[in-house]
Novice: 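What follows is a structure written as structure tokens; I'll ask about it next.
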Amino acid sequence: MRTPGQLEPLLSGIRTLVFNGDSVEMRFPGEEKRARKHAENLRHFCRERGVQAVFLNGNHDPSLSATDHLDLLDGRVLVMHGDALFPSLSPWSPRAGKIAAAHRREIAALGESPTLEQRLTAAKRAA
């Protein structure tokens, strides 16, 4: 998306818009400040239109938000980026092997029966 204005058609009649990860690019050195500014611009654009923007972390923006997932409709719907479902987080990445090894180490450190929150945090650390 080049400008927040491209979201305008999606905002009509809604109160909340969930950005489900990879909303901005934070993985490269020097990109975090610009990425956070872009996310704030999106949040401001939505707020001006009476819409709450909720950002979930993804593998490209693992520290954008304090939120890794949402439980909706009394827990019947789970919303998350989905990268944590793959052992390598992003199997198409040239770094998939390295990421998978880091993810395995993080998951192993959790011990028996880790919670969803623990698994998502492990994925964030591996990313």
Side-chain angles (χ1 to χ4, degrees):
M1 167 179 39
R2 295 196 191 282
T3 69
Q6 291 177 280
L7 291 175
E8 192 80 47
L10 300 175
L11 302 181
S12 179
I14 68 167
R15 291 179 286 161
T16 305
L17 178 62
V18 176
F19 291 87
N20 193 13
D22 291 0
S23 302
V24 295
E25 180 61 73
M26 300 176 81
R27 295 179 311 140
F28 302 109
E31 291 294 313
E32 185 170 346
K33 185 176 180 181
R34 187 179 68 80
R36 288 189 185 281
K37 177 68 173 162
H38 183 63
E40 188 51 41
N41 289 343
L42 289 170
R43 188 183 319 280
H44 180 72
F45 180 82
C46 290
R47 189 181 313 119
E48 284 181 331
R49 287 148 183 82
V51 175
Q52 178 188 6
V54 175
F55 288 89
L56 301 181
N57 294 316
N59 54 309
H60 287 256
D61 48 11
S63 63
L64 179 63
S65 172
T67 307
D68 292 315
H69 73 283
L70 295 174
D71 289 312
L72 304 175
L73 298 172
D74 297 320
R76 293 180 298 196
V77 175
L78 171 67
V79 180
M80 59 183 277
H81 180 64
D83 55 319
L85 300 177
F86 295 102
S88 61
L89 305 182
S90 51
W92 45 87
S93 169
R95 299 178 57 218
K98 184 176 180 179
I99 294 168
H103 193 212
R104 281 192 300 274
R105 284 191 303 275
E106 292 289 342
I107 294 295
L110 297 176
E112 296 281 327
S113 304
T115 65
L116 174 62
E117 286 79 10
Q118 290 171 317
R119 292 181 69 83
L120 292 174
T121 299
K124 185 189 308 187
R125 285 194 303 261

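Just so you know, residue 1 is the first one in the sequence shown, and it goes up from there.
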Novice: Would a 4.5 Å heavy-atom cut-off, applied to side chains only, mark Gln118 and Ser113 as touching?
Specialist: no
Novice: Distance from Gln52 atom CD to Arg47 atom CZ, nearest 0.5 Å?
Specialist: 9.5 Å
Novice: Using atom types as modelled and distance alone, determine if a side-chain donor or acceptor of Glu8 lies under 3.5 Å from a backbone N or O of Gly5.
Specialist: no
Novice: Compute whether any side-chain donor of one residue and acceptor of the other, for His44 and Glu40, lie under 3.5 angstrom apart.
Specialist: no
Novice: Treating Ile, Leu, Val, Met, Phe, Trp and Tyr as nodes and any side-chain heavy-atom pair under 4.5 angstrom as an edge, say whether Val77 and Met80 lie in one connected cluster.
Specialist: no
Novice: Side chains of Glu117 and His69: does their closest heavy-atom pair fall under 4.5 Å?
Specialist: yes
Novice: For residues Leu64 and Phe19, determine if any side-chain heavy atom of one lies less than 4.5 Å from a side-chain heavy atom of the other.
Specialist: no
Novice: Going by side chain to side chain contact (heavy atoms under 4.5 Å, CB included), Val79 matches just one of Val54, Leu56, Asp71. Which one?
Specialist: Leu56
Novice: Which atoms form the tightest heavy-atom contact between Pro62 and Asn57, and what is the distance?
Specialist: O-CG, 3.3 Å
Novice: Has Asp22 got a side-chain atom pairing as donor or acceptor with Asn59's backbone, closer than 3.5 angstrom?
Specialist: yes
Novice: With side chains defined as the heavy atoms from C-beta onward, is the minimum distance between Leu7 and Val51 less than 4.5 Å?
Specialist: no
Novice: Using the rule that Ile, Leu, Val, Met, Phe, Trp and Tyr join whenever any side-chain heavy atoms are under 4.5 Å apart, tell me whether Leu73 and Leu78 fall into a single cluster.
Specialist: no
Novice: Taking a hydrophobic cluster as the set of Ile, Leu, Val, Met, Phe, Trp and Tyr residues connected by side-chain heavy atoms closer than 4.5 Å, whether directly or through intermediates, do Leu42 and Leu10 fall within one such cluster?
Specialist: yes
Novice: Which distance, rounded to the nearest 0.5 Å, do you find between the OG of Ser23 and the CZ of Arg43?
Specialist: 10.0 Å
Novice: Check whether any side-chain heavy atom of Leu11 sits under 4.5 Å from a side-chain heavy atom of Phe45, and report yes or no.
Specialist: yes
Novice: Locate the shortest heavy-atom distance separating Leu17 from Cys46; write the atom from each residue and the value.
Specialist: CD2-SG, 4.1 Å
Novice: Are the side chains of Met26 and Glu32 in contact, using a 4.5 Å heavy-atom criterion?
Specialist: yes
Novice: Mind checking the NE2-CZ spacing from His60 to Arg27? Nearest 0.5 Å is all I need.
Specialist: 4.0 Å
Novice: With no hydrogens and no angle check, is any side-chain donor or acceptor of Asn20 less than 3.5 Å from a backbone partner on His81?
Specialist: yes
Novice: What are the two closest heavy atoms between Leu110 and Ala122, and how far apart are they?
Specialist: CD1-CB, 4.1 Å
Novice: Side-chain contact, heavy-atom cut-off 4.5 Å: Ile107 with Arg119?
Specialist: yes
Novice: To the nearest 0.5 angstrom, please state how far the CG atom of Leu120 sits from the OG1 atom of Thr67.
Specialist: 11.0 Å
